[in-house]
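These notes are about the structure you will find just below.
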Amino acid sequence: GAPGHRMTASTLLDTLPATVGAERWEARLGGIDVRYGPGRLAELGEAAGALGGRRALLVTDAGLRRAGHAAAARASLAAAGIETHEFTDFEPNPTSRQVAAGAAAVRGADLLVAVGGGSAMDCAKGINFVATNGGRMEDYKGWGRATRPLLPAIAAPSTAGTGSEAQSYALVTSDDDGRKMACGDPKARFRVVLLDPRLPATAPREVAAAAAIDAVSHAVESYVTRAGNPISRAFAAAAWRHLEGGLEPALEAPDDLAAQGRMLVGAHLAGAAIEASMLGAAHACANPLTARFGIAHGVAVGLLLPAVVRFNAEAAERLYGELEPGGSAAVAARVEALRTAGGLPARLSEAGVPRRALPDLARLAAEEWTGRYNPRPAGEREMLEIYEAAY
């Protein structure tokens with residue numbers, strides 16, 4: 001089909017509600033060439049060739065293989081004359097050892113391609129750091145630690161969730177202590193992002209629901225963060241509109257590409273908001289739940305977000321009111337309704353977390369870097385208050 005029309009970031013935010021659906025558009029957003037529309041995955045080979053790629057490492061997972069998307073990606077790359085090898089040996093919340101294995105699999109590749117959810121994209125970014133700059137993932141914790149160029153990379157997200165495709169950070173779990181590391185560098189950004197709503201349409205419902213609540217949490221948290229600014233809030237508000245209105249129809253009718261498109265674009269915009277303003281206490285509390293009890297990240301964030309919104313009301317009521325008439329109470333209630341629509345647990349007790357674990361979880365949450373950006377200061381005592389409210 002036609003490549004569509006080009007839009008600036010400001011025009012994109014102004015016109016997005018009318019464009020999400022069957023239409024195709026392109027935008028330069030945060031230094032990334034973003035291409036939206038059904039069937040965009042078929043353009044992977046063309047995009048790779050334009051970046052000078054001749055040999056690609058495709059980072060994907062078993063679910064994408066079963067759905068046929070990995071094969072479609074390989075076919076598009078092959079049609080462009082690009083030799084492709086796959087790397088699939090990683091799990092949700094990829095670890096530094098898995099990233100090291102991926103870096104060893106690069107073997108002369110001049111391009112990285114991530115087709116999958118947040119784990120595939122984070123793993124691909126992590127592989128890029130280690131394959132090009134050496135060492136281990138722990139060496140890149142923080143910001144700007146890569147001293148050499150990184151390989152060009154392309155992402156095609158398969159879930160409307162993390163928004164990792166819009167971010168310069170790789171979130172990788174350290175094998176040393178089981179903690180998530182944020183490893184960021186502007187060179188780690190994907191050059192091209194293909195937002196194809198046909199990809200999330202094939203995700204299992206439970207995966208789609210957990211990813212969707214994660215995206216919702218990104219929009220809500222990044223809107224009120226202490227590092228917030230007009231750019232991050234513009235992205236977050238647009239993300240909230242798409243996600244809040246698209247989540248239920250996307251889950252009820254997975255083949256509704258307009259609804260899937262709203263979710264995919266909303267998740268991307270929420271990811272762009274994170275890039276500009278970081279997150280808050282819901283993510284600080286969620287990470288220890290995942291590390292200690294194996295609760296999927298999106299489920300964990302969904303368990304905490306309503307309690308965090310209510311906790312933050314005294315510091316961010318005006319901002320919550322800009323997102324939703326009725327302020328923090330309305331935002332928290334809407335998140336709870338969306339969580340219920342996804343069939344996700346509503347209480348920590350339902351998720352198998354024993355009450356005796358809460359103090360230790362609070363200690364760990366207080367050490368998480370995202371908590372520093374929460375609009376209301378939250379130390380160990382306050383984190384325990386949040387856990388108790390969500391129990």
Side-chain angles (χ1 to χ4, degrees), residues 1-7 22-88 90 102-103 105-125 127-128 131-132 149-160 164-166 187-203 257 260-261 264-265 268:
H5 53 284
R6 298 198 69 84
M7 296 184 285
E23 293 191 30
R24 294 154 67 85
W25 48 257
E26 300 175 8
R28 188 74 177 169
L29 196 59
I32 300 171
D33 181 6
V34 180
R35 307 180 188 183
Y36 169 84
R40 285 287 192 180
L41 184 62
E43 300 175 12
L44 175 58
E46 177 271 326
L51 292 176
R54 293 295 177 265
R55 186 178 186 187
L57 180 69
L58 173 61
V59 182
T60 190
D61 59 49
L64 274 292
R65 278 180 167 176
R66 288 192 296 270
H69 300 313
R74 289 198 310 272
S76 180
L77 290 164
I82 297 171
E83 179 186 349
T84 304
H85 297 276
E86 279 188 24
F87 178 73
T88 60
F90 62 94
V106 168
R107 292 195 298 270
D110 55 14
L111 177 78
L112 291 177
V113 176
V115 179
S119 296
M121 292 185 285
D122 281 328
C123 191
K125 283 186 278 189
I127 288 170
N128 211 348
T132 57
L150 272 67
L151 296 175
I154 301 173
S158 64
T159 57
S164 179
E165 75 279 1
K187 298 186 288 295
R189 291 190 184 101
F190 291 105
R191 301 280 188 89
V192 180
V193 168
L194 305 175
L195 299 179
D196 187 338
R198 291 177 181 169
L199 271 65
T202 63
L257 293 186
Q260 295 293 350
L264 201 57
V265 172
H268 184 83

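For clarity, every value in this text was computed on a predicted model and none was experimentally measured. Positions are given from 1 along the sequence. The basis for the numbers below is simple: all heavy atoms, side chains too, and nothing from hydrogens, waters or symmetry mates.
Looking at Thr60, its side chain does come within 3.5 Å of a backbone N or O of Val115 through a donor-acceptor pair. At distances below 3.5 Å, not a single donor-acceptor pair connects side-chain atoms of Arg191 with backbone N or O atoms of Ala47. Using a distance-only test at 3.5 Å, with no hydrogens or angles considered, no donor-acceptor pair links the side chain of Asp33 to the main chain of Val192. The main-chain N or O of Arg55 is found under 3.5 Å from a side-chain atom of Asp110 such that the two form a donor-acceptor pair. One N or O on the side chain of Ser76 and one on the backbone of Gly45 form a donor-acceptor pair closer than 3.5 Å.
With Leu194 as the partner, the side chain to side chain contact (heavy atoms under 4.5 Å, CB included) test is satisfied by one option alone out of Leu44, Val113, Val34: Leu44.
Atom CD in Glu165 sits 6.0 Å away from atom CG in Leu195 (nearest 0.5 Å). Here the CD atom belonging to Gln260 is positioned 12.5 Å from the CZ atom belonging to Arg198, to the nearest 0.5 angstrom. Interatomic distance, CD1 of Ile154 versus CG of Leu111, reported as 5.0 Å (0.5 Å rounding). Atoms CG and NE2, from Leu57 and His85 in turn, are 8.5 Å apart once rounded to the nearest 0.5 Å. How far OG of Ser158 is from CG of Leu264: 9.0 Å, rounded to the nearest 0.5 Å. Atom OG1 in Thr159 sits 6.0 Å away from atom CE in Met121 (nearest 0.5 Å).
Side-chain contact check for His69 versus Asp196: every heavy-atom pair is 4.5 Å or farther apart.
Between Ala120 and Ala114 the shortest heavy-atom distance is O-CB, 4.0 Å. Smallest separation of non-hydrogen atoms from Ala67 and Thr202: CB-OG1, 3.8 Å. Summarising the geometry of Leu112 relative to Ala124, their closest heavy-atom pair is CD1-O, 3.5 Å, with the distance given to 0.1 Å. Closest non-hydrogen pair, Leu41 versus Ala156, comes out as CD1-CB, 3.9 Å. The two residues Gly261 and Tyr36 have their closest heavy-atom pair at CA-OH, 3.4 Å. Contact between Ile32 and Ala166 at its shortest, heavy atoms only, is CD1-CA, 3.9 Å.
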Show the numbers, then the answer: is there a side chain to side chain contact (heavy atoms under 4.5 Å, CB included) between Thr132 and Lys187?
CA-CA 11 Å; Thr132 57; Lys187 298 186 288 295; over 6 Å; no
Could you give me the CA-CA distance, side-chain angles and deciding distance for Phe90 and Ile127, then say whether side chain to side chain contact (heavy atoms under 4.5 Å, CB included) is met?
CA-CA 11 Å; Phe90 62 94; Ile127 288 170; over 6 Å; no
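At most 12 non-hydrogen atoms from other residues, nucleotides or ligands lie less than 6.0 angstrom from CZ of Arg65.
Here Arg54 pairs with nothing under the salt bridge (charged side-chain N to carboxylate O under 4.0 Å, His left out) rule; sequence neighbours left out.
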